[in-house]
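One structure is given below, encoded as structure tokens.
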Protein chains: 2
Amino acid sequence: MAYRETEKMRQRKAEARKRIVDCTYQCVAEGGFRSARVTRIAGLAGVATGTIYRHFESREDLFAEIFRLATQREVDKVAEALASDGNAAERLERALRQFAERALKGPQMAWSLIAEPVDPKVEEERLAYRKAYANLFEKAIREGIEEGCIPDQDARQSSTCLVGAIAESLVGPLSPTQTSQATSTTEDNNDPLVNSIICFCMQGLTGTRR
Amino acid sequence: MAYRETEKMRQRKAEARKRIVDCTYQCVAEGGFRSARVTRIAGLAGVATGTIYRHFESREDLFAEIFRLATQREVDKVAEALASDGNAAERLERALRQFAERALKGPQMAWSLIAEPVDPKVEEERLAYRKAYANLFEKAIREGIEEGCIPDQDARQSSTCLVGAIAESLVGPLSPTQTSQATSTTEDNNDPLVNSIICFCMQGLTGTRR
DNA sequence: AGAAAGAATGAATAGTGATTCACTGCTTAT
DNA sequence: ATAAGCAGTGAATCACTATTCATTCTTTCT
């Protein structure tokens with residue numbers, strides 16, 4: 001035997017892979033999945049086109065990984081908000097606000113994750129992550145029902161409705177055709193769009209306005 | 001001059017166009033937009049491939065028309081339900097139910113209209129139609145607020161949330177990967193899925209459960 | 001009939017960009 | 001130093017259909 005993969009090599013490969021991932025992320029954040037060309041990604045990452053395929057089965061697989069990374073970040077933020085203190089209704093409200101505000105702050109990526117037409121493998125990820133959000137919400141709703149701050153209801157169904165209501169409300173404002181980077185300094189609970197989404201959602205959950 | 005378009009010809013062309021439209025509709029209802037090939041459509045309609053292009057600019061344009069036709073049908077049904085009698089809340093509930101039940105009855109087409117990844121021109125139609133639904137709902141919510149059966153709220157925002165909540169709730173059940181044509185005989189207000197969607201939506205609107 | 005104009009045809013083309021693969025050049029171990 | 005084997009390369013290939021257009025067929029009118 002003459003060549004055996006060594007730690008140094010493993011690391012070098014990992015670095016190349018990370019560069020590819022980062023550059024793809026950047027491309028998607030700039031123009032969405034559809035316009036992210038493999039050749040451009042390779043160029044940015046400083047590798048040859050073929051090298052991409054030493055790290056990923058296909059463009060679709062690469063995209064699926066980017067999708068996972070980007071969405072997991074958001075899911076974690078939502079989970080974090082749901083794990084904070086206060087009663088379940090308050091925590092849910094905080095989580096919903098978190099979600100909406102973060103999306104409005106990074107509109108192109110948010111649009112790609114929520115609404116951009118994507119290939120089947122990526123769409124699969126999207127479905128899975130929507131379910132992930134719904135699961136988090138569902139758990140919180142269950143807790144709320146137990147605590148008594150949320151009336152008894154089909155927690156699974158309500159959570160799905162929450163996901164749909166936020167997503168739909170954001171699609172318009174995020175749509176690349178009409179996004180003017182109107183992100184004001186730091187949103188402190190006073191974006192009227194976010195407020196009225198939350199208002200509907202909380203009433204749907206609790207039956208109590210505002 | 002020797003040839004002048006005559007009524008007979010006009011009619012014959014209209015028939016061909018209708019055949020093309022019908023066959024495209026059928027293809028989409030069977031396998032969605034993505035798998036509908038121009039050649040197959042032409043074959044079914046009994047015309048040559050090129051003939052399609054005498055009637056439509058492009059495949060995308062043809063699809064956009066099919067989308068419009070199919071969705072307008074649904075929008076009309078919703079409008080109809082909203083124009084029936086009863087107070088605004090009752091009419092809204094009927095409309096939501098109508099929408100959900102019809103979707104579940106024709107799942108492949110409903111999925112294509114609601115969630116299938118489609119080309120830009122068709123996606124534009126989709127956005128437009130989502131707005132059309134929202135507009136109908138918005139008007140009814142306004143009426144409800146005036147009537148007093150719905151509390152004061154941002155009608156536009158609530159209508160968007162309604163559209164999102166229903167659409168999201170249906171995406172899973174309609175998804176072609178898991179649709180078993182489980183459509184029972186005739187749904188008479190007792191599909192539990194539909195009921196719990198409506199329950200959340202009506203509470204979101206009125207603050208009143210059930 | 002015959003000529004003019006349009007409609008229909010469908011095999012050939014074109015455009016696109018992902019993917020391949022034969023080759024070059026590094027790394028490793030002896 | 002050398003052999004063995006893996007990593008990297010990127011121009012060429014491939015796959016896939018929508019779309020075209022030179023040609024043929026129909027219709028209309030004189």
Side-chain angles (χ1 to χ4, degrees), chain A residues 1-21 23-24 27-28 30-67 116-123, chain B residues 1-21 23-24 27-28 31-67 117-123:
Chain A
M1 95 218 64
Y3 178 94
R4 181 68 63 94
E5 184 181 67
T6 186
E7 188 47 43
K8 177 183 155 200
M9 264 294 117
R10 218 187 321 278
Q11 202 170 317
R12 187 185 291 183
K13 279 203 277 177
E15 274 160 24
R17 191 192 150 98
K18 185 166 184 313
R19 271 206 316 284
I20 293 170
V21 166
C23 293
T24 308
C27 282
V28 174
E30 273 165 16
F33 289 104
R34 173 167 287 220
S35 76
R37 305 271 160 254
V38 174
T39 46
R40 175 166 154 71
I41 293 167
L44 282 176
V47 297
T49 331
T51 304
I52 303 275
Y53 291 87
R54 296 199 146 266
H55 293 273
F56 299 91
E57 274 300 298
S58 67
R59 180 176 113 120
E60 240 184 308
D61 280 288
L62 169 58
F63 283 178
E65 170 127 359
I66 300 310
F67 192 99
E116 184 183 359
V118 291
D119 289 51
K121 266 186 189 165
V122 181
E123 186 65 33
Chain B
M1 96 218 68
Y3 178 93
R4 181 69 65 93
E5 186 182 64
T6 184
E7 188 48 41
K8 178 183 157 199
M9 262 297 115
R10 220 187 320 277
Q11 202 169 317
R12 188 183 291 184
K13 277 202 279 177
E15 273 161 25
R17 191 191 151 99
K18 184 163 185 316
R19 272 205 316 282
I20 293 170
V21 165
C23 293
T24 308
C27 282
V28 174
F33 288 104
R34 174 167 286 220
S35 77
R37 304 272 161 257
V38 174
T39 46
R40 175 165 156 69
I41 292 167
L44 282 177
V47 298
T49 333
T51 304
I52 304 272
Y53 291 88
R54 300 201 138 261
H55 293 273
F56 298 92
E57 272 301 296
S58 67
R59 181 176 114 118
E60 240 185 308
D61 279 288
L62 169 58
F63 283 179
E65 170 127 357
I66 299 309
F67 192 98
V118 290
D119 290 52
K121 267 187 189 164
V122 182
E123 185 66 33

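Quick caveat: nothing in here was measured; it's all calculated off a predicted structure. Chain letters run A, B, ... following the sequence lines, proteins first, then strands; residues in each count from 1.
Going from atom CZ of A:Phe56 over to atom P of C:dT20 covers 15 Å, rounded to whole Å. B:Leu62 has its CG atom 17 Å from the P atom of D:dT17, to the nearest Å. A:Phe33 places its CZ atom 17 Å from the C1' atom of C:dA18, with the value rounded to the nearest Å. In this entry the distance linking CD of A:Glu57 with P of C:dT20 reads 9 Å, nearest Å. Nucleotide C:dA8 holds its C1' atom 12 Å from the CZ atom of B:Arg19, rounded to whole Å. Rounded to an integer number of Å, the gap from A:Glu7 CD to C:dT28 P is 11 Å. For the pair B:Ile41 CD1 and C:dG10 C1', the computed distance is 16 Å after rounding to whole Å. Note: CZ (A:Arg10) to C1' (D:dC6) measures 13 Å, nearest angstrom.
Where B:Ala36 and B:Thr6 each meet DNA chain D at their nearest nucleotide, the meeting point lying more 5' is that of B:Ala36. Comparing A:Glu5 and B:Ser58, the nucleotide of DNA chain D nearest to each residue sits closer to the 5' end for A:Glu5.
Ion pairing between A:Lys121 and A:Glu57 fails under the 4.0 Å rule for side-chain N and carboxylate O. Using a 4.0 Å cut-off between charged side-chain N and carboxylate O, A:Glu15 and A:Arg12 make no salt bridge. Ion pairing of A:Glu30 with A:Arg40 is present here, as a side-chain N (NZ or NE/NH1/NH2) and a carboxylate O approach within less than 4.0 Å.
Partners of A:Phe63 according to the ring-ring contact (aromatic ring centres under 6.0 Å, His included) rule, which considers only residues two or more places apart in sequence or in another chain, are A:Phe33.
Applying the 4.0 Å criterion to OP1 and OP2 of D:dT26, one finds that B:Arg12 has every side-chain N and O outside that range. Between A:Arg4 and C:dA29, a side-chain N or O to OP1/OP2 separation shorter than 4.0 Å is absent. Phosphate proximity of C:dG17 to A:Arg59: absent, as no side-chain N or O sits under 4.0 Å from OP1 or OP2. Between B:Lys8 and the phosphate of D:dT26, there is no side-chain N or O to OP1/OP2 separation shorter than 4.0 Å.
The heavy-atom pair separating A:Ala36 from A:Val28 by the smallest distance is CB-CG2, 4.5 Å.
Counting non-hydrogen atoms under 4.0 angstrom, A:Arg54 reaches a base of the nucleic acid.
The salt bridge (charged side-chain N to carboxylate O under 4.0 Å, His left out) with B:Glu65 is formed by just one residue from the set B:Lys18, B:Arg17, B:Arg59; it is B:Arg17.
Annotation: proximity of residues 44-53 of chain B to DNA chain C (heavy atom, distance under 4.0 Å) is found for B:Val47, B:Ala48, B:Thr49, B:Gly50, B:Thr51, numbered in ascending order.
Using a distance-only test at 3.5 Å, with no hydrogens or angles considered, no donor-acceptor pair links the side chain of B:Thr6 to the main chain of B:Met9.
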